[in-house]
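Following: one structure in structure tokens, then a few remarks.
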Amino acid sequence: MRYRGLQRALVTPRWKLIAYPKVGLLQCFDLAADQHEQHNLVGTDSDAPVDTLLAELVQRLEDSDDPAAAETALARVPAPAGTSVAVGS
């Protein structure tokens, strides 16, 4: 439970978007091509619909009165390539 309150995610059959609102980071994975989630597509020239996924995630957070909705909407920085994001302890 150490990530509780520190990350939000949206998963579709093809895409997985993970937002780390406290630090403004995003990760997006194409689950069809990258089942092990090794290649973050945020900030690349991929066809990943990052803005659309983020808008849907924020809308869902707002609909559920999640206090992290506003911070999540501001997340834009891609997590550094080849790294795992560890937030909290």
Closest non-hydrogen atom pair, [X] against [Y]:
X	Y	value
Leu57	Ala9	CD1-O, 3.6 Å
Thr72	Ala19	CG2-CB, 3.8 Å
Leu6	Pro21	O-CD, 3.4 Å
Ala73	Leu54	O-CD2, 4.2 Å
Leu31	Thr12	CD1-O, 3.9 Å

Q | Sub-4.5 Å side-chain heavy-atom contact between Leu17 and Gln27 | A |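 No, their side chains stay 4.5 Å or more apart.
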Could you give me the CA-CA distance, side-chain angles and deciding distance for Asp30 and Ser46, then say whether side chain to side chain contact (heavy atoms under 4.5 Å, CB included) is met? CA-CA 10 Å; Asp30 181 346; Ser46 77; over 6 Å; no
Q. Pick one: which of Asp34, Leu41, Val42 meets side-chain contact (heavy atoms from CB on, under 4.5 Å) with Phe29?
A.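 Going through Asp34, Leu41, Val42 one by one, the side-chain contact (heavy atoms from CB on, under 4.5 Å) with Phe29 is satisfied by Asp34 alone.
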| message | Going by side-chain contact (heavy atoms from CB on, under 4.5 Å), Val58 matches just one of Arg60, Glu56, Glu62. Which one? | response |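 Single pass found, and it is Glu62.
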| query | Just by modelled atom types, is the Leu26 backbone N or O under 3.5 Å from a matching donor or acceptor in the Asn40 side chain? | reply |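 Judged by distance alone, yes, a pair lies under 3.5 Å.
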Between SG on residue Cys28 and CD on residue Glu37, distance to nearest 0.5 Å: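 It is 10.0 Å, given to the nearest 0.5 Å.
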| In Å, rounded to the nearest 0.5 Å, how long is the span from NZ of Lys22 to CZ of Arg8? |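 Rounded to the nearest 0.5 Å, the NZ-CZ separation comes to 8.0 Å.
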